[in-house]
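Some notes on the structure that comes next.
Start at 1 with the first residue, then count along the sequence. These numbers come from a predicted model, not from an experiment.
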Amino acid sequence: DLFRINLSDAANLTTLGEELALTRRYLKIEQFRLGERLQLHWELENLPKDASMPALLIQPLLENAIYHGIEPLAEGGTIHIHGQLQQSLIIITISNPVTQKRPLSRRNSNHMALQNIRERLAIHFGADGSLTDLTENGLFQVKLSFPYHSKNDASPDH
């Protein structure tokens, strides 16, 4: 499924429910690979699953959390995925532990992925979409925000 979406036009809109289903399938692969080293804590029950959004916004953030956070840590760690709807704004926060040492990562694309997501949010939502990141006290956190529009009533320019 990931390959199919990557090969298709990633500019297409999907729903939050579809994005989360794809993300969970990806995480099953990573959980199989990392075993007990990867723990997930989900808090997304109150989010509207029909929310319209560009495809592949959440999955790459979790991929970064694994490759740049969990994987370099011998003990692994927990990724927290929290979501809320605040005055018609969807806010999803993803946090993961990070090593204090600068690891020699087999991937050095973390900032490229974050920049790509920022650009796609700007294209689809203008100033109403944002992605911020912060590293503090051994945790890396990204906060994704975009307006809630049902896929059924989303305007053509969103």
Side-chain angles (χ1 to χ4, degrees), residues 1-49 51-86 89-125 129-146:
D1 290 337
L2 286 170
F3 289 126
R4 192 175 317 116
I5 287 176
N6 278 326
L7 292 174
S8 72
D9 183 6
N12 287 337
L13 294 180
T14 189
T15 64
L16 178 59
E18 291 166 344
E19 175 80 359
L20 290 174
L22 174 77
T23 298
R24 288 179 191 271
R25 287 192 300 273
Y26 163 74
L27 289 171
K28 282 184 183 182
I29 295 167
E30 291 294 1
Q31 283 185 306
F32 180 76
R33 185 173 71 85
L34 295 170
E36 293 297 315
R37 292 182 55 224
L38 173 60
Q39 300 296 313
L40 300 164
H41 181 78
W42 296 89
E43 293 180 67
L44 301 175
E45 354 6 272
N46 296 324
L47 291 180
K49 303 303 185 270
S52 179
M53 63 183 287
L56 291 174
L57 289 185
I58 299 171
Q59 185 276 331
L61 296 175
L62 286 161
E63 185 174 344
N64 277 347
I66 291 168
Y67 284 108
H68 298 287
I70 303 301
E71 196 170 82
L73 297 170
E75 70 279 9
T78 302
I79 299 174
H80 293 269
I81 306 106
H82 175 2
Q84 59 187 354
L85 180 62
Q86 254 182 8
L89 189 67
I90 293 175
I91 302 169
I92 298 173
T93 305
I94 299 170
S95 63
N96 58 273
V98 291
T99 180
Q100 300 297 2
K101 296 182 239 167
R102 187 106 173 127
L104 293 174
S105 177
R106 64 186 169 102
R107 293 184 177 191
N108 195 19
S109 61
N110 189 36
H111 294 288
M112 286 178 53
L114 297 179
Q115 186 57 34
N116 175 280
I117 292 170
R118 285 183 182 105
E119 290 170 5
R120 291 173 52 231
L121 283 167
I123 289 168
H124 289 282
F125 301 114
S130 69
L131 179 69
T132 58
D133 63 276
L134 170 70
T135 303
E136 188 174 76
N137 299 323
L139 285 178
F140 180 76
Q141 180 181 71
V142 292
K143 184 167 144 183
L144 174 68
S145 302
F146 57 93

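For R24, there are no salt bridge (Lys or Arg N to Asp or Glu O under 4.0 Å) partners two or more places apart in sequence or in a different chain. In this structure, the side chain to side chain contact (heavy atoms under 4.5 Å, CB included) partners of T14, at least two apart in sequence or on a different chain, are E18, E19, M53, A55. Partners of Q86 by side chain to side chain donor-acceptor pair (under 3.5 Å), not counting sequence neighbours: none found. When the side chain to side chain donor-acceptor pair (under 3.5 Å) test is applied to Q31, no partner is found at least two apart in sequence or on another chain. For E43, the side chain to side chain donor-acceptor pair (under 3.5 Å) partners two or more places apart in sequence, or in a different chain, are H41. Considering only residues two or more places apart in sequence or on other chains, K49 meets the side chain to side chain contact (heavy atoms under 4.5 Å, CB included) condition with L20, L47. Take E30 and apply the side chain to side chain contact (heavy atoms under 4.5 Å, CB included) test, not counting sequence neighbours, and it matches Y26, R33, L34, L38, I66, Y67. For the side chain to side chain contact (heavy atoms under 4.5 Å, CB included) test, residues two or more places apart in sequence or in another chain that qualify with S145 are L89, I91, S130, K143.
With values rounded to the nearest 0.5 angstrom, D133 atom CG is found 10.5 Å from I117 atom CD1. In this structure, CG in L139 is found 9.0 Å from CG in L134, a value given to the nearest 0.5 Å. If you take CD on E63 and OG1 on T23, they are separated by 10.5 Å, rounding to the nearest 0.5 Å. Here the CG-CG distance, from L85 to L44, works out to 12.5 Å after rounding to the nearest 0.5 Å. From F140, atom CZ reaches atom OG1 of T135 across 5.0 Å, with rounding to the nearest 0.5 Å. The CZ atom of R118 sits 7.5 Å away from atom OG1 of T132, with the distance rounded to the nearest 0.5 Å.
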Run the side chain to side chain contact (heavy atoms under 4.5 Å, CB included) check on L144 and I94 step by step: do they pass? CA-CA 8 Å; L144 174 68; I94 299 170; over 6 Å; no
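L13 and S52 make their closest contact through CD1-OG, 3.5 Å (heavy atoms, listed as atom of the first residue, atom of the second, distance). Taking every heavy atom of both residues into account, P54 and L57 meet most closely at O-CG, 3.5 Å. In plain terms, the two heavy atoms of N96 and G69 that are nearest each other are ND2-CA, 3.4 Å.
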Contacts under 3.5 angstrom, residues 73-83 side chains, donor-acceptor by atom type, not counting sequence neighbours:
none

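Counting only heavy atoms from C-beta outward, the side chains of L16 and I92 approach each other to under 4.5 Å. Taking 4.5 Å as the limit, some side-chain heavy atom of L131 sits within range of a side-chain heavy atom of V142. L22 is listed as a side-chain neighbour of L56, based on a closest heavy-atom distance under 4.5 Å.
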